[in-house]
Amino acid sequence: MKPRIGVLTSGGDCPGLNAVLRGVVLAADKLGWEVIGFRDGFEGLLPPGSYTILDRPSTNGIMALGGTIIGTTNRGHFVAKIGAGDRAVVAAEVVEQARKVLQDLNVKALIIVGGDGSMTTALQLQEAGINCIGVPKTIDNDLEATAMTFGFDSAVDAVMDAMDRLHTTATSHKRVMVVEVMGRHAGWIALHGGIAGGADIILIPEIPFDYDKIASAIKDRDARGEHGTLVVVAEGAKPRDGQQVKRDIEGGEFRLGGIGDIVAREIAARTAKETRSCVLGHLQRGGAPTTLDRILGTRFGVKAVQLANEGHFGSMVSYQNYQVRHVPIADAVNRLRLVPPNGELVQTARDVEISFGD
Ligand code: F6P
């Protein structure tokens with residue numbers, strides 16, 4: 001009987017997960033491992049184990065598909081993180097049940113594809129004696145210890161596409177269009193999507209904004225004859241002395257959303273311009289992965305299997321200086337990679353007359 005590698009996808013879905021799974025299967029096949037995919041994230045590890053054999057036929061042609069063929073969840077028994085930096089502990093009996101399921105299935109290594117919260121859980125499983133390898137995933141691109149995660153490029157592409165569409169309607173109507181994008185703690189999606197989509201104002205969590213400054217940037221544009229304005233706001237952005245706009249808490253992290261409408265209202269009140277807002281929401285997470293995400297996902301999947309094969313347990317695949325390497329999972333946990341407010345990218349945005357409302 002071949003030794004087995006287990007793989008699961010955890011947290012919010014994102015484009016490129018299936019490219020990882022395909023990469024895992026092909027690399028494992030080459031090295032003589034059998035792969036089993038646990039369904040619906042860590043929940044698949046609960047007794048008696050919910051899984052499917054992943055092989056060449058079952059992963060053939062999946063690379064172009066969004067989402068994950070084995071399912072995922074950012075809720076459930078294994079949620080080990082509630083909010084930024086607040087560590088919740090997975091119950092010891094749940095970890096023990098998972099260990100037993102893996103042992104009974106002859107799984108020698110478990111590849112966990114997920115973000116910050118999933119890596120926190122992975123660390124706990126590793127500490128409990130389960131051989132874990134992490135693969136970093138999040139559209140927010142805010143995971144520490146890797147220069148990039150797959151899924152981010154596809155999300156930025158969706159924002160850019162939306163901006164291109166909104167640009168023509170904004171200029172035709174001489175309106176302000178406010179687009180709310182994802183990004184809980186980090187403004188990478190808003191910043192990249194905003195620059196690529198020709199935004200005039202970008203609001204990110206790392207740079208608290210001032211409504212009067214936003215209004216004056218819009219009035220300056222009007223005075224120059226530029227009557228349509230595009231504003232991108234990350235869901236986690238907040239005004240100086242203000243709070244993030246939260247919807248609710250649903251058995252895990254709180255949900256953000258609603259800041260776009262508020263920003264639009266405040267702009268209309270201060271400029272008397274027609275202002276509309278739209279929320280891109282999960283449109284940014286669905287659909288086919290971009291070229292970059294397919295390649296990055298494939299490279300990450302292959303590397304994860306090689307790490308398992310070499311016994312580098314407790315490590316996470318990491319992208320550094322154009323190379324796929326590995327770091328301890330612990331390096332990626334509880335330390336978010338935020339946009340440096342005085343960094344080159346923000347400065348470049350300012351140099352092309354993008355305002356951050358500060
Ligand atoms: O962390 C990724 C992310 O897409 C965030 O940007 C967003 O706040 C969250 O997931 C949304 O999660 P859910 O799918 O539970 O609404």
Side-chain angles (χ1 to χ4, degrees), residues 9-17 20 40-43 66-68 71-86 88 112-122 134-146 148-159 162 179-194 202-206 232-238 243-261 278-287 289-290 293 297 332-339:
T9 51
S10 170
D13 71 326
C14 87
L17 284 167
V20 176
D40 305 329
F42 291 99
E43 297 295 291
T68 160
T72 189
T73 178
N74 50 11
R75 308 280 179 257
H77 298 77
F78 292 82
V79 172
K81 202 199 73 170
I82 299 173
D86 303 334
I112 292 152
V113 191
D116 176 34
S118 309
M119 291 306 134
T120 309
T121 301
V135 173
K137 167 243 64 160
T138 161
I139 64 163
D140 290 3
N141 206 25
D142 58 359
L143 252 186
E144 191 49 273
T146 184
M148 206 194 297
T149 52
F150 63 89
F152 171 65
D153 188 60
S154 304
V156 169
D157 208 50
V159 173
V179 193
E180 181 183 306
V181 302
M182 282 186 172
R184 299 175 71 79
H185 310 291
W188 294 111
I189 295 177
L191 184 56
H192 282 243
I202 300 177
L203 307 175
I204 59 175
E206 295 87 342
V232 184
V233 52
E235 62 182 353
K238 55 180 183 302
Q243 296 297 318
Q244 286 187 324
V245 183
K246 296 177 184 172
R247 284 186 202 276
D248 50 30
I249 298 179
E250 237 185 32
E253 287 191 303
F254 55 82
R255 291 177 64 219
L256 292 170
I259 185 68
D261 275 347
C278 84
V279 181
L280 289 192
H282 294 79
L283 288 173
Q284 294 156 93
R285 278 208 336 224
T290 57
D293 285 337
V333 165
N334 277 335
R335 287 164 52 217
L336 290 173
R337 199 173 63 82
L338 302 179
V339 174

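Along the sequence shown, residues are numbered consecutively beginning with 1. Order of listing sets the numbers, starting from 1, for every ligand and every atom in it. FYI, side chains are in, hydrogens and waters are out, and symmetry mates aren't considered; it's all heavy atoms of this structure.
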So, the side chain of [X] versus the backbone of [Y]: is there a donor-acceptor pair under 3.5 Å, distance only?
X	Y	result
K137	G12	yes
E180	D261	no
D293	S154	yes
T138	G115	no

Practice problem: Output yes when the distance from some N or O of ligand 1 to some N or O of N74 is under 3.5 Å, and no in every other case. | Solution: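 Checking ligand 1 against N74, an N or O pair does fall under 3.5 Å apart.
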Self-check item: Closest to atom 3 (C) of ligand 1 (judged by heavy-atom distance), picking from R247, R285, R184
Solution: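 Nearest option to atom 3 (C) of ligand 1, by heavy atoms: R285.
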Contact atoms of ligand 1, heavy-atom distance to [X] under 4.0 Å:
X	value
I139	4 (O)
R75	15 (O)
G183	6 (O)
H282	13 (P), 14 (O), 16 (O)
E235	5 (C), 6 (O), 7 (C), 8 (O)

Quiz item: Are side-chain heavy atoms of I189 and V159 found at a separation under 4.5 Å?
Solution: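 Side chain of I189 against side chain of V159, heavy atoms only: contact under 4.5 Å found.
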Quiz item: Are P289 and L17 side-chain neighbours, meaning at least one heavy-atom pair lies under 4.5 Å?
Solution: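 Not in contact.
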Practice problem: Examine ligand 1 and decide if any of its atoms is less than 4.0 Å from a heavy atom belonging to Q284. | Solution: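 Heavy atoms of Q284 never come under 4.0 Å of ligand 1.
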Quiz prompt | 4.0 Å heavy-atom contact, D140 with ligand 1 | solution =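 D140 counts as a contact of ligand 1 under the 4.0 Å cut-off.
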Self-check item: Heavy-atom pair of closest approach, residues H185 and L338
Solution: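 Heavy atoms of H185 and L338 come nearest at O-CD2, 3.4 Å.
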